[in-house]
> 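My questions will all concern the structure given below.
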Amino acid sequence: MAMPAIIEMALNTMLGVADTIMISRFIGDSGLAAAGFANSIMYTLIFVFTSFNTGATALVSRSYGEENFEKLNRIGSQTVLLNGIIGLVIMALSLMFKSQIFMIFDTTPEVAGMIDSYFSIIAYGMLAMFLSFSFASILRGAGDTFSPMVITGCANVINIIGNYVLIKGIWIFPEMGIAGAALSTTISRILAVMAYIFICFRLHERVKLKFSFM
């Protein structure tokens, strides 16, 4: 059970790393700096405000050990709701005050423009990240570390392919530069949370979340 969880956390980090590598290769140093500044702010906000998911995992795990699956799903459903509310608020505030947030960095006008292009898109994936972390913590608490690993792995593949076609404009896709990397990452995160919703609300044997439990 431990190894899939370790791999999942590594793959979560890889979403940002893939952007960094591909932006560095296809756009250059200015794009790399912009993505680094934007991701440092975003990941700080997310990890600070999702730290309570550790407690949720413990509560879900206890309910799972007691075989009290109604309690497990009530806790899980409320965890998802709380993450959704906080994620929506943080996303909205980040977009509203992005100019003020990035004033803390001393950047060139070129990098500042790239930060704005990148963050203005990738911030819309914040809510999906909040929800994905909550779903993953619930599944881990219920003894399923495999599903989060598979979902995160698939999200990485989609992100890498999307980066390639959207940054450079391959085939029918437009050349979007750094905005393409942001769009690809955001799409992969939204698809990941859709997979989590399907599994946790419909497919999973033990985790059966319900809107009525929220």
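Each residue takes its place number in the sequence, starting with 1.
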> Can you confirm whether Glu205 is buried at CD, in the sense that more than 12 heavy atoms of other residues, nucleotides or ligands lie under 6.0 Å from that atom?
no
> Give a yes or no on whether Phe105 atom CZ has more than 12 heavy-atom contacts from other residues, nucleotides or ligands under 6.0 Å away.
yes
> Answer yes or no: are there more than 12 heavy-atom neighbours, outside Phe26 itself, under 6.0 Å from its atom CZ?
yes
> Tell me, with the steps shown, if Leu59 and Leu72 meet side chain to side chain contact (heavy atoms under 4.5 Å, CB included).
CA-CA 8 Å; Leu59 291 172; Leu72 182 157; over 6 Å; no
> Excluding sequence neighbours, so at least two apart, what forms ring pair (Phe, Tyr, Trp, His ring centres under 6.0 Å) with Phe119?
Phe102
> For Val111 and Phe37, what are the C-alpha separation, side-chain angles and deciding distance, and is it a side chain to side chain contact (heavy atoms under 4.5 Å, CB included)?
CA-CA 10 Å; Val111 172; Phe37 288 134; 4.2 Å; yes
> With side chain to side chain contact (heavy atoms under 4.5 Å, CB included) as the test, would you mind laying out the steps for Ser94 and Leu45 before giving the verdict?
CA-CA 9 Å; Ser94 297; Leu45 290 170; 3.5 Å; yes
> Is any NZ, NE, NH1 or NH2 atom of the basic residue among Asp144 and Arg206 found under 4.0 Å from an Asp or Glu carboxylate oxygen of the other?
no
> Any non-hydrogen side-chain atom of Ile27 less than 4.5 Å from a side-chain atom of Leu32?
no
> Hey, does the side chain of Ser77 reach the backbone of Phe211 with a donor-acceptor pair shorter than 3.5 angstrom?
no
> Take Ser63 and Asn68 through the side-chain hydrogen bond (donor to acceptor under 3.5 Å, both in side chains) test and state the conclusion after the steps.
CA-CA 5 Å; Ser63 300; Asn68 188 342; 6.0 Å; no
> Ring centres under 6.0 Å, that's the criterion: do Phe201 and Tyr196 meet it?
no
> Counting only heavy atoms from other residues, nucleotides and ligands, does the tally under 6.0 Å from CZ of Phe69 exceed 12?
yes
